[in-house]
Amino acid sequence: MQTYFYITHMQLSELELIRREKLSQLRALGINPYPADLYPVDNTSKKLKESFEEGKKVIIAGRLMSRRIQGKASFAELQDADGKIQVYFNRDEICPGEDKTLYNEVYKKLLDIGDFIGIEGELFKTQVGEKTVMVKNFMLLSKALKPLPQPRVDADGKVHDAFTDPEQRYRQRYADLVVNPHVKEVFVKRTKLFNAMRSFFNERGYFEVETPILQPIPGGAAAKPFVTHHNSLDIPLYMRIANELYLKRLIVGGFDGVYEFSKNFRNEGMDRTHNPEFTAMEIYVSYKDYNWMMDFCEQLLEFCAKEVNGTSKATFGKHEVDFKAPYPRVTMAQAIEKYTGFDITGKTEDEIREAALQMKIEVDDSMGKGKLIDEIFGEKCEANFIQPTFITDYPKEMSPLCKEHRDNPELTERFELMVCGKEVANAYSELNDPIDQRERFEAQLELANRGDEEATAFIDYDFLRALEYGMPPTSGMGIGMDRLIMFLTNNASIQEVLFFPQMRPEKKKVDMTEDEKLIFNILKVENPIALEALKTKTGLSNKKWDKAIKGLTKSKVASVEKTDGNLVVKTS
RNA sequence: GACUUGGUAGCUCAGCUGGUAGAGCACCUCACUUUUAAUGAGGUGGUCCUGGGUUCGAAUCCCAGCCAGGUCACCA
């Protein structure tokens, strides 16, 4: 028990120990640092600044974020959900009587930056004109035991000591949000985007639904799924990689338009633009085609951009992007011809492979015609589309869920929306011919067997059964929500737009090293013990011994004492 | 996965060819009743990411590993 106590104490920094000490001093004064009572807040920092009234009585609450103490008076900043406001603590205002404890002890000595406090006071303006709350009474609402990072802004608006280390910011997003208002703003915009899309769809009568996240067959996209296991059914289940096939089942079931914000999971690599879980929005509307969906998409995005940023324009890195509709529509063949000079129309697989080789694009025998075209597009064209552009009419082979093009059986009625060289949306005239769909699934299976990792290796027979009951002509679209919000908030990294991006687990620091435990176990048997004897018993090398015994004495588990000229080790 | 940069106090960072670990802010003590990066004086605070190696001596050099960022590849 004792060991545990000392070790845990060792891990606390001086600042943390001081705050714990303050905690017990507060309790000694009869102050509960974590009171249960409701605190009757009637204002926010934002409201106070917007509708300022000299002398108005207000009750606010928030975190203490900075303090400027000048003896018997002090200015501080209180931060609530809306921002910060200056508060003024004056000893004689807070303690009108003889007892000045509340100011001298509680406020000056026992409060810390980061503590939540409630304040009753009156509005006034300082000599410099700063809108301020004159504190008449205050109450500790919650004590902070860990010190926050403290970025400060100087007179020129320059930020000093900003909390910037990405690892710490992502692992401790709570701290990031407290001290970095611009980070909070990103997530406010994220939610605005979701709300904007919802209202756009709802106004048009489309219906928000929920479909399974645990699926027996992971369909609707080509991606490696996470596998889990259901105990009582004793079957494998997969975390969804897409929700497409379920939403189409609902169109079969008779809904005119359904949409879902779908948390998807893909067991693939992580990088600046990929997180294992991410959010897609998928919408399906019956009796429409992909031409209609392009109109719908550009109107949707213009609306969303304006709702989020107040303008259709957005800055992304060095690019200025304008989401104002309409967007250019370019077929894949036109795009390839424009950027490579090669016309793919009517060419055989071998001719295209030859062309790709001449463009120095890596190809292999597992690649079919569609895959080759996709490679050429990805390599030579994609990056050129900065302003929102619809790329249309993808090769059939790449699009197993998409209806064949009405004018060309080698193509499909599909578009992707490119922004800054990246895909933001993907849409089809949905394939609703059950026999064609079955053949496409089988072709995918064959591609998968041929070694194409992107091809789908599962056939969802229940989905085919649904199609056999009849699905009306339907157009569907998926939008990568994380990617879209990256564009709208000018963030190059997906981690900046997710509250809690996936990270490798933090390693727990061991309380005692193996060598320290070895020494400690000997001490438990023989205590005190001569230093030389102890060292011999451990059998440790000089270096290891030195390190281990210093570790123990430092954490005050053991101490070395000199008695009669002999060094003796004993536990503390 | 490859390459690359980094990990030193609560935060931001410095630390040269190896020689007793530093600064600013924060924190603690004192002074200061309208300041705003408040101010003045004094002080405390370190597993230099981890583990090996070289060396009389390693934050520094070498090897291996962990974590993170970036670039590229792969992948939606």
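Every chain is numbered from 1 and lettered A, B, ... according to where its sequence line falls, protein lines coming before strand lines.
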Residues of residues 478-490 of chain A with a heavy atom under 4.0 Å from any atom of RNA chain B, listed by number, are none
A/T412 meets the side chain to side chain donor-acceptor pair (under 3.5 Å) criterion, sequence neighbours left out, with none
message = Considering every strand and a 4.0 Å limit on heavy-atom distances, what is the contact class for A/E496: base, sugar-phosphate, or nothing?
response = nothing
Applied to residues 88-97 of chain A, the salt bridge (charged side-chain N to carboxylate O under 4.0 Å, His left out) test, sequence neighbours excluded, yields A/D92-A/K100, A/E93-A/K136
So side-chain hydrogen bond (donor to acceptor under 3.5 Å, both in side chains) across residues 119-129 of chain A, not counting sequence neighbours, yields A/K57-A/E122
Please set out all donor-acceptor pairs under 3.5 angstrom arising from side-chain atoms of residues 69-76 of chain A, sequence neighbours excluded.
residue	atom	partner	partner atom	Å
A/S74	OG	A/R68	O	3.2
A/S74	OG	A/Y107	OH	2.6

Sorted by chain and number, sequence neighbours left out, side chain to side chain donor-acceptor pair (under 3.5 Å) with A/E413 holds for A/R406, A/S429
Residues at least two apart in sequence or cross-chain that pass side chain to side chain donor-acceptor pair (under 3.5 Å) with A/Q150, listed by chain then number, are none
### Task
Assign A/Y88 to base, sugar-phosphate, or nothing according to its heavy-atom contacts below 4.0 angstrom with the strands shown.
base
Quick note, salt bridge (charged side-chain N to carboxylate O under 4.0 Å, His left out) partners involving residues 476-504 of chain A, not counting sequence neighbours, are A/R169-A/E496, A/R190-A/D482
Contacts of A/F458 meeting ring-ring contact (aromatic ring centres under 6.0 Å, His included) (sequence neighbours excluded), chain-then-number -> A/Y238
Between the protein and nucleotides 3-5 of chain B, which nitrogen or oxygen pairs are less than 3.5 angstrom apart?
none

Would A/F89 and A/Y103 count as a ring pair (Phe, Tyr, Trp, His ring centres under 6.0 Å) here? Give the steps. CA-CA 8 Å; A/F89 288 82; A/Y103 181 80; 7.3 Å; no
The side chain to side chain donor-acceptor pair (under 3.5 Å) partners of A/E446 (sequence neighbours excluded) come to none
Whether each nucleotide of nucleotides 35-42 of chain B has a protein heavy atom under 4.0 Å at its base (B), only at its sugar-phosphate (S) or at neither (-) is summarised, 5' to 3', as BBBB----
